[in-house]
Each structure stands twice: as structure tokens, then as C-alpha cells.
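One structure is given here, and the rest of the page talks about it.
No hydrogens, no waters, no symmetry mates; every other heavy atom, side chains included, goes into these values. Per chain, numbering begins at 1; letters A, B, ... match sequence-line order.
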There are 2 protein chains.
Amino acid sequence: MSDPLSLTFAALADPTRRAILARLSEGDATVNDIAAPFEMSLPAVSKHLKVLEGAGLITRSRSAQWRPCHLEAAPLKDADGWIARYRRFWDASFDRLDDYLRELQAGDPDKKS
Amino acid sequence: MSDPLSLTFAALADPTRRAILARLSEGDATVNDIAAPFEMSLPAVSKHLKVLEGAGLITRSRSAQWRPCHLEAAPLKDADGWIARYRRFWDASFDRLDDYLRELQAGDPDKKS
DNA sequence: CAGTTAATTAACTTATCGGTTTAATAATGC
DNA sequence: GCATTATTAAACCGATAAGTTAATTAACTG
């Protein structure tokens, strides 16, 4: 029933899940590794991972008895795309034209750095 | 109990509330104006507005018996700031240096946060 | 095989969410 | 004062969220 963007924002609306994504931004990790810093049970962390997976923010592979988690940024890109339309409200340098140009750049696969 | 960022993402995790913000991005509006496009009761919309207000995404003033709603983008800026750290994962043109330069550009013009 | 480690599932509790209908508050206009 | 309009509050409901503990699955190891 929930659209992808709602799933993404809902997944991000929890500090534990945001911390998990931050951890994964430094590299893949197993469930136990991910759970270690948190003062909650392993099943609780497992549920958070399920929410993140449901939102497409992580994927899980299998390696023996471990299930390494991997960050998937595509939904974050979509969330960013939604927020981008409001940038002009907080940043004077992003007026409508700038915003349009930025979206062009973001959507263009050629790499001009 | 919820931190501001969680409140913001939770508020965005509903298509009705996102549509309300989109409407307000075109100008202030009263509750009835906001509710008109939706197939739900007025109290339901009023509750959504309360959630948005609780997240700091809107403010409400009073003008006679109307309560015009106004978009407040500051929490969106914070949400964007959180997501920004992941930009390098989906956009090759935003490597760490580009990201740093972007934040400089975004942070300089108005220093009100 | 038995034992250990990794992770998930099941069952349950408590709280919050998103909606409803009905009632109340607040301001305007006659 | 009384009716009308705008908005919120109260009470309620079903579904979902976030956590727990206990049990289960899955894979490795001696």
C-alpha cells in the first residue's frame, strides 16, 4: 500500500536505522557486527534490517552462516530528488534556474568533475 | 522522545503530507484550501497538519477564523544535509571533494541555521 | 553425530498512526 | 443573541511499529 518514497522516508525515520546505514557506508557488515553498538536484542536489529531491505536501502547476500548487508543508495537518491525541489526555500543560491540546472547535472551520466 | 531528524523523516513518510508541503510551496493556504483535493475528512487533514507542525515543517498564524499554513524549510535542509553524505554512492560526479565544495556553496549565502 | 555460532521466526505486549464521527471552540456577520 | 464558517478536540477503531523472550533454521566444526 505504501509507495516507495514513503517506505524510504519511514525507514529513515528511526535513529537506529540511520546509524545502521552510516555503518554500512563504511563497508558491508554482518548482522552481529551491525548489532554490536546497540543496546537492543538481535531480533530487534534484524527487524530494522528487514525494514531497510523492504525500502530497498540494503541488500543481503549469503556467505556461509553470515548474511552480509550492503548499502543500496538508489532510494536515497529518490528521497534527495524529492527534497531537492524545496532547496530554493532555504538556499538563496538555489533559485528555480539553479535547481533546474542541478537536476540536469544529476540526471546526466557523464562525469564532469 | 523522537529527535528532530526522525520527526522530519516520519512527517515526510506519508504521501498526503508530502502533497500538503507541495501545495504550500506555492503559497500559504488555509486548512480548508489544503483539505480540498483530498478524499478524507477535515479532522484527518488537521491531524496531518499537526504532524507537520510538530516536525517544524509548517507554522500557522491566525487571520480571523482562518489559520493560514506556511511552509518552513529548515527541517528539510537538515534532512537534505543527512542524505548529502550518501550522495557519492549514487552520483559519480559527487565524490568527496565535490560534496565538500557543494556544502560550502550551500552553507555560505545564508547563515541562519 | 553433537555442539556452537549466525540469524530469523513466532508469539506477545505496548504504543503510535491514520482514519472515522460527533462535539466543541473561535471568529465573523446579521 | 443567533446563525454560519473555519478549525480543532474527543473518543473510538483497526492496523502497524518497535521492542521483548523463547524457539527455530542454517551452516560450520570437532
Side-chain angles (χ1 to χ4, degrees), chain A residues 1-24 27-71 75, chain B residues 1-24 27-71 75:
Chain A
M1 185 68 169
S2 254
D3 59 291
L5 201 48
S6 296
L7 284 176
T8 301
F9 281 130
L12 296 180
D14 183 286
T16 301
R17 288 195 289 263
R18 291 198 303 278
I20 289 173
L21 293 180
R23 166 68 183 81
L24 291 179
D28 295 1
T30 68
V31 178
N32 268 296
D33 287 345
I34 291 167
F38 301 106
E39 285 186 354
M40 68 178 66
S41 66
L42 207 57
V45 173
S46 194
K47 281 190 182 180
H48 282 302
L49 292 173
K50 202 172 201 173
V51 172
L52 290 170
E53 192 176 27
L57 284 160
I58 68 169
T59 48
R60 284 185 274 192
S61 50
R62 180 177 284 286
S63 162
Q65 70 265 52
W66 294 275
R67 307 289 313 274
C69 297
H70 177 77
L71 176 67
Chain B
M1 196 65 170
S2 256
D3 59 291
L5 201 48
S6 296
L7 284 175
T8 301
F9 281 129
L12 297 180
D14 183 286
T16 300
R17 289 194 290 263
R18 290 198 304 276
I20 291 173
L21 293 180
R23 165 67 183 81
L24 292 178
D28 294 1
T30 68
V31 178
N32 268 298
D33 287 344
I34 292 167
F38 300 105
E39 284 186 353
M40 67 177 68
S41 67
L42 209 56
V45 172
S46 194
K47 280 189 182 182
H48 281 304
L49 292 172
K50 199 174 204 175
V51 172
L52 291 169
E53 192 176 28
L57 284 160
I58 67 168
T59 49
R60 283 186 273 192
S61 51
R62 180 176 282 287
S63 162
Q65 69 267 51
W66 294 276
R67 307 291 311 276
C69 297
H70 177 78
L71 176 68

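The shortest distance between the side-chain N/O atoms of Asn32(A) and the OP1/OP2 oxygens of dT5(C) is not below 4.0 Å. For the pair Ser46(A) and dT8(C), the criterion of a side-chain N or O lying under 4.0 Å from OP1 or OP2 is met. In terms of phosphate contacts, Arg60(A) brings no side-chain nitrogen or oxygen within less than 4.0 Å of OP1 or OP2 of dA7(C). In terms of phosphate contacts, Arg17(B) brings a side-chain nitrogen or oxygen within less than 4.0 Å of OP1 or OP2 of dG18(C). The phosphate of dA17(D) has neither OP1 nor OP2 within less than 4.0 Å of any side-chain N or O from His48(A).
Rounded to whole Å, atom P of dT8(C) lies 7 Å from atom CG of Leu49(A). The nearest whole Å value for the distance from the CD1 atom in Ile20(B) to the P atom in dG18(C) is 11 Å. Distance, Ile34(A) CD1 to dA6(C) P: 14 Å, rounded to whole Å. As rounded to whole Å, 10 Å separates atom P of dA27(D) from atom CZ of Arg67(A).
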Q: Would you sort out whether Arg23(B) and Asp28(B) count as a salt bridge (Lys or Arg N to Asp or Glu O under 4.0 Å), showing the intermediate values?
A: CA-CA 8 Å; Arg23(B) 165 67 183 81; Asp28(B) 294 1; over 6 Å; no
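With the nearest nucleotide of DNA chain C identified for both Pro68(A) and Ser63(B), Pro68(A) has the one nearer the 5' end.
Ala64(B) comes within contact range of the sugar-phosphate backbone alone, with a heavy-atom separation under 4.0 Å but no base atom that close. Using a 4.0 Å heavy-atom criterion, one finds that Thr30(B) contacts the sugar-phosphate atoms exclusively.
Using modelled atom types, no side-chain atom of Ser63(B) and backbone atom of Trp66(B) make a donor-acceptor pair closer than 3.5 Å. In this structure, Arg17(B) contributes its side chain and Ala11(B) its backbone to a donor-acceptor pair below 3.5 Å.
Residue Arg67(B) comes nearest to Val31(B) through the heavy atom pair O-CG2, 4.2 Å, listed as atom of the first residue, atom of the second, then distance.
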